[in-house]
Every structure is written in structure tokens, then in C-alpha cells.
Amino acid sequence: MTKAAGPVAARERVRAFALGLPGAVEEFPWGESVIKVNKKVFVFLGVDDGSHPPGVTVKLTDPEAHAHALSSPGAEPAGYGLGKAGWVRIPLDEQETPSFELLCDWAEESYRVIAPKKLIAELDGG
């Protein structure tokens, strides 16, 4: 597994990966970067101005993936009641930040929960 070079690099790599998924677009509601598909957020990237600790927030409804994400150092259910719906915030400034591949797996899992079936079929090559 490839460790990200640091929080900024990890955030940028997850951002680039998420934007490569079919139909994904970046928007900036509340001054934060979010990646959406079909007008729905599937990755929250927060702000990159240093005012808040870097992290990514994804929706993981698979119980095993959700539990695995929450086992990351500093990870927690997302605020504003989103945690109850499976959203997990994973900090990127911890010593044991998950690998780039794992962060992208979680971003893809979140995409699959949010995206319409037509785009998931496109992702799967069909």
C-alpha cells in the first residue's frame, strides 16, 4: 500500500481520484470542497486553507467498510447528524493515516452508495 506524502498530497490524490469517477464534479458549498455525482455529495474534502485539520468524509453503508474506517486513528462519525447515515470523517494529519489506495476504495464505495445505477454500470465497464 502506498502511504500519501502528507495531508495535502493525500487530499489532492483522493480529490483527483473522485473527480475521475463517471459524472463526478467538484463544487464549493459553504466554502468547502465537495465532490458530487447527480447533484449529491459523495466526498467532503473540507477546506485547504489550513483553518481546519485536513480530512475526507465519505458515506460507507457496508458494515465492514464502515467499521474499518472508524478504526483509523482520529476517525469519527461525521457531524451534523450525518454519522447516523453512515458518513465517516477520516483525518489526514494523523501518524497512521490510511493508505491512498484505501482512501480511494472508500471514496469509490461512497460513490457507489450515491451514484445512479447507470453511472455505476459505466464505472464497471458496462
Practice item. Indicate yes or no: at least one non-hydrogen side-chain atom of His66 is less than 4.5 angstrom from one of Thr61. Key: no
Distance col, row Lys59:NZ vs Lys40:NZ, nearest 0.5 angstrom, shows 9.0 Å
- Are side-chain heavy atoms of Cys104 and Arg13 found at a separation under 4.5 Å? no
Exercise. Less than 4.5 Å apart, any side-chain heavy atom of Val113 and any of Leu60?
Worked result: no
Looking only at heavy atoms, the pair that brings Leu92 and Gly55 closest together is CG-CA, 3.7 Å
- Item | Non-hydrogen side-chain atoms of Val56 and Leu103 separated by less than 4.5 Å | yes
Residues Phe42 and Ile114: closest non-hydrogen pair is CB-CG1, 3.8 Å
- Query: Any salt bridge between Arg89 and Glu76, counting N to O under 4.0 Å?
  - Reply: no
All heavy atoms of Ala18 vs all of Val43, minimum pair found to be CB-CG2, 4.4 Å
Here the gap from Ser110 atom OG to Ile35 atom CD1, rounded to the nearest 0.5 Å, amounts to 11.0 Å
Is the shortest side-chain heavy-atom distance between Leu70 and Pro77 below 4.5 Å? yes
d(Ser71 OG, Ile90 CD1) to nearest 0.5 Å is 10.0 Å
Candidate pair Leu45 and Glu32, rule side chain to side chain contact (heavy atoms under 4.5 Å, CB included), full reasoning = CA-CA 7 Å; Leu45 294 169; Glu32 296 185 19; over 6 Å; no
Check this for me, if you would: do Arg15 and Glu12 make a salt bridge, where the nitrogen-to-carboxylate-oxygen distance has to be below 4.0 angstrom? yes
(message) Within the structure provided, determine whether Phe28 and Val34 are in side-chain contact (heavy-atom separation under 4.5 Å).
(response) no
What I'd like to find out is whether the side chain of Pro91 reaches to under 4.5 Å of the side chain of Pro53, using heavy atoms alone. no
Closest non-hydrogen atoms of Leu102 and Pro98, given as atom of the first, atom of the second and distance, are CD2-CB, 4.0 Å
message = Are Glu64 and His68 packed together at the side-chain level, in the sense that at least one heavy-atom pair is separated by less than 4.5 angstrom?
response = no
The reported gap from CG in Leu19 to CD in Glu26 (rounded to nearest 0.5 angstrom) is 5.5 Å
Minimal heavy-atom distance between Ala69 and Ala75, with the atoms involved, is O-CB, 3.2 Å
d(Trp106 CH2, Asp62 CG) to nearest 0.5 Å is 12.0 Å
On a heavy-atom basis, the closest approach of Pro116 and Val37 is CD-CG2, 4.4 Å
Value for CG (Asn38) from OH (Tyr111), rounded to nearest 0.5 Å, stands at 9.0 Å
Between Phe44 and Trp87, ring centroids under 6.0 Å: yes
(Q) Strictly below 4.0 Å, N to O, side chains only: are Glu108 and Arg112 in salt-bridge contact? (A) yes
